[in-house]
Number of protein chains: 2
Amino acid sequence: MMVNRQEESYKYKKVISIGIVSELTGLSPRQIRYYEERKLVFPDRSKGSRKYSFADVEQLMRIADQREEGVSTYEIRQEMTKELRERMLKGQMNAHFRMRS
Amino acid sequence: MMVNRQEESYKYKKVISIGIVSELTGLSPRQIRYYEERKLVFPDRSKGSRKYSFADVEQLMRIADQREEGVSTYEIRQEMTKELRERMLKGQMNAHFRMRS
DNA sequence: CGTGTAAGGAATTCTGACACG
DNA sequence: CGTGTAAGGAATTCTGACACG
């Protein structure tokens, strides 16, 4: 499951405009912008307009699923922060004990 | 070097507008459109406007290199057709003899 | 809270054409 | 042949705001 650097970068390169993201996710541009306001996605800006990565698109699809289940943007944000904390902790443990994942 | 289907698709999904492709390749929109006219790239259309994949971007970078070396669009096209013929022939041989690549 | 919409402006993209060479 | 540019129009995106609830 290893991917070369070039291949990997496709997933994270922010090159997709909001209209296409809207088509890809089924979310309205309004919703997509609102989720940014709530700090759930972080597009780049290219001359004023938002640019998203495929990773962002995946993230937005997860958000859409959770919203359908009635999860609030605040709760989604909490969950994200929590997962980030866990990943950082795991990273620290790896650094200390040279664990293999 | 195997990549899952999701990962793979990022490379070929046509989601990038011409302005971003221009930034990514250093080519002008005019040049990019011209190379399409010469049948060197084949963007999709989303409501009238061209959409490119990362594979297209790579292809355009190769074209840019060749053009700098003085290769004409006609010659580049010939080379592409030739490579396609070879790949198709190889595919046929695989089908017949169950060769492993 | 989450989303729709109308508003006005700025930037993008499209095509066909003329220019140069 | 390959590329720049001005032209006019259409579609996109942006922001801040009002609306509903």
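Throughout, a chain's letter reflects where its sequence line sits, starting with A, and its residues are numbered from 1. Side-chain atoms are counted along with the backbone in the values below, which use heavy atoms only and exclude waters and symmetry mates. If you're wondering where the values come from, they're calculated on a predicted model, not measured in any experiment.
- The other residues sharing a hydrophobic cluster with A/Met88 are A/Leu84, where clustering joins ILVMFWY side chains under 4.5 Å apart.
- Put simply, the side chain of B/Thr25 gets close to the backbone of B/Val21: a donor and an acceptor are under 3.5 Å apart.
- In this structure, the CD atom of B/Glu37 is 10 Å from the C1' atom of D/dG2, given to the nearest Å.
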Could you pull out every donor-acceptor pair under 3.5 Å between side chains of residues 44-51 of chain A and any protein atom, sequence neighbours left out?
unit_1, atom_1, unit_2, atom_2, d
A/Arg45, NH1, A/Gly48, O, 3.0
A/Ser46, OG, B/Glu23, OE2, 3.2
A/Ser49, OG, A/Ser46, O, 3.3
A/Arg50, NH1, A/Glu36, OE1, 2.9

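- The phosphate of C/dT3 has OP1 or OP2 within less than 4.0 Å of a side-chain N or O from A/Tyr35.
- Residues passing the side-chain hydrogen bond (donor to acceptor under 3.5 Å, both in side chains) test with A/Thr73 are A/Arg38, sequence neighbours excluded.
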TODO: Between protein and nucleotides 14-19 of chain C, map the contacts as a letter string: B base, S sugar-phosphate only, - none, heavy atoms under 4.0 Å, written 5' to 3'.
DONE: SB----
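- Put simply, the side chain of A/Gln59 gets close to the backbone of A/Leu40: a donor and an acceptor are under 3.5 Å apart.
- In this structure A/Phe54 satisfies the ring-ring contact (aromatic ring centres under 6.0 Å, His included) test together with B/Tyr10, sequence neighbours excluded.
- The side-chain hydrogen bond (donor to acceptor under 3.5 Å, both in side chains) search around A/Ser53 returns A/Asp56, not counting sequence neighbours.
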Task: Watson-Crick or G-U pairs under 3.5 Å in DNA chain C, rendered as dot-bracket with [ ] for crossing pairs and | for another strand - done: .||||.||.|.|.||.||||.
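- Per the geometry, CD belonging to B/Glu75 stands 9 Å off P belonging to D/dG2, to the nearest Å.
- The separation between A/Ile63 atom CD1 and C/dT3 atom C1' is 15 Å, rounded to whole Å.
- DNA chain C is contacted by both A/Arg38 and B/Ser17; A/Arg38 maps to the nucleotide lying nearer its 5′ end (nearest heavy atom per residue).
- Between B/Ile32 atom CD1 and C/dT12 atom P the separation is 14 Å, expressed in whole Å.
- The side-chain hydrogen bond (donor to acceptor under 3.5 Å, both in side chains) check on A/Gln78 picks up A/Tyr74, with sequence neighbours excluded.
- If B/Pro29 and B/Lys47 are placed on DNA chain D by their nearest nucleotide, the residue sitting closer to the 5' end is B/Pro29.
- Applying the 4.0 Å criterion to OP1 and OP2 of C/dT3, one finds that A/Tyr34 has every side-chain N and O outside that range.
- Contacts with DNA chain D (heavy atom under 4.0 Å) in residues 66-74 of chain B: B/Arg67, B/Ser72, B/Thr73, listed by number.
- When the side-chain hydrogen bond (donor to acceptor under 3.5 Å, both in side chains) test is applied to A/Thr81, no partner is found at least two apart in sequence or on another chain.
- Among pairs with a residue in residues 67-87 of chain B, none fulfils salt bridge (charged side-chain N to carboxylate O under 4.0 Å, His left out), at least two apart in sequence or across chains.
- For the ring-ring contact (aromatic ring centres under 6.0 Å, His included) condition, no pair includes a residue of residues 14-49 of chain A, sequence neighbours left out.
- For the pair B/Ile16 CD1 and C/dT12 C1', the computed distance is 16 Å after rounding to whole Å.
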